[in-house]
Amino acid sequence: MVDGATAILPDFEREKAESYVIFRLGGEGYALEVMRVQEVMDVESMTEVPGGSKSLLGVINLRGHVVPVYDLRIPFGLASNPNPPKMPSVLIVEIEAGNDARVTGLVVDRVSDVLEFSPDQMQPAPQLGLGKATPFVRGLIRHQDAFLLVLDVDRVFSALAKLNGEGV
């Protein structure tokens, strides 16, 4: 696939480019480094966990492994989606927990693309003005007359751990 972001990068910039998974959440565009995403799934069903936290939507079976799936809207302070898709998109990401790594899912509204951007295309995030998303945004990337918010997934999981009473 040829996309607008990589097509405009010169060869020397393309060598330094990083790939991002582009997704939508609450009407905003986000980017997450491809290296953090193991896969993107359309999940038909999840098993609810009785007594689970508000942010835990359930668990899924990923090739024999139980993977918790969290609602990314909760730490961002977004209202629930009034028209949720029948098969939500789930980003399967690996997070570091001490010396271990855990695989976890994040529900987003829609995954749209994988794009490449050079490091100098990312601008620092403003300290204020992004609402509850401010602590989770590492930077901004201009794309198609709008900005993509580059997600700091480690901070998201730190916030989810606090919400779940697990400490940090």
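- Put simply, L72 and L149 are part of the same group of oily side chains (I, L, V, M, F, W, Y) that touch within less than 4.5 Å, one to the next.
- Looking at V69 and V59, their side chains never come closer than 4.5 Å, going by heavy atoms from C-beta outward.
- In this structure, L56 is a member of the same hydrophobic cluster as L91, with clusters built from ILVMFWY side-chain heavy atoms closer than 4.5 Å.
- Here the closest heavy-atom approach between residue A125 and residue L140 is recorded as CA-CG, 4.4 Å.
- Placement of F136 and F23 within a single hydrophobic cluster is found when ILVMFWY residues are connected by side-chain heavy-atom separations under 4.5 Å, directly or transitively.
- Residues V107 and V37 are members of separate hydrophobic clusters, defined by side-chain heavy-atom contacts under 4.5 angstrom among Ile, Leu, Val, Met, Phe, Trp and Tyr.
- The NE2 atom of H143 sits 6.5 Å away from atom CD1 of I22, with the distance rounded to the nearest 0.5 Å.
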Could you go through the side-chain contact (heavy atoms from CB on, under 4.5 Å) check for M122 and V150 one step at a time?
CA-CA 8 Å; M122 186 184 326; V150 180; 4.1 Å; yes

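- Here M35 is tied to no hydrophobic group at all, with no ILVMFWY side chain closer than 4.5 Å.
- Sorted by first and then second residue, the pairs that involve residues 63-77 and meet salt bridge (charged side-chain N to carboxylate O under 4.0 Å, His left out), not counting sequence neighbours, are E39-R63, R73-D109.
- A search for salt bridge (charged side-chain N to carboxylate O under 4.0 Å, His left out) contacts involving R155 returns D152, not counting sequence neighbours.
- Cluster annotation: L32 is not connected to V67 through the hydrophobic network of ILVMFWY side chains, with a link wherever side-chain heavy atoms come within less than 4.5 Å.
- Looking at residues two or more places apart in sequence or on another chain, you find a side-chain contact (heavy atoms from CB on, under 4.5 Å) between F157 and Y70, V93, I95, T104, L106, V153, L160.
- Shown here are the side-chain contact (heavy atoms from CB on, under 4.5 Å) partners of V34, two or more places apart in sequence or in another chain: S19, V21, V114.
- Y30 and F147 have their aromatic ring centers separated by at least 6.0 angstrom.
- Listed by chain and residue number, E94 satisfy the side chain to side chain donor-acceptor pair (under 3.5 Å) test with Q38 (two or more places apart in sequence, or in another chain).
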Given side-chain contact (heavy atoms from CB on, under 4.5 Å), test R142 with Q121 step by step and report yes or no.
CA-CA 7 Å; R142 186 161 189 79; Q121 288 180 281; over 6 Å; no

Which donor-acceptor pairs under 3.5 Å do side chains of residues 40-47 form with protein atoms, sequence neighbours excluded?
{"unit_1": "D42", "atom_1": "OD1", "unit_2": "S89", "atom_2": "OG", "d": "3.4"}

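- Taking E48 as the reference, nothing meets the salt bridge (charged side-chain N to carboxylate O under 4.0 Å, His left out) condition, with sequence neighbours excluded.
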side-chain contact (heavy atoms from CB on, under 4.5 Å) between H65 and V103: does it pass, once the steps are laid out?
CA-CA 9 Å; H65 297 279; V103 176; over 6 Å; no

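- Atom CG of L115 sits about 11.0 Å away from atom OH of Y20, to the nearest 0.5 Å.
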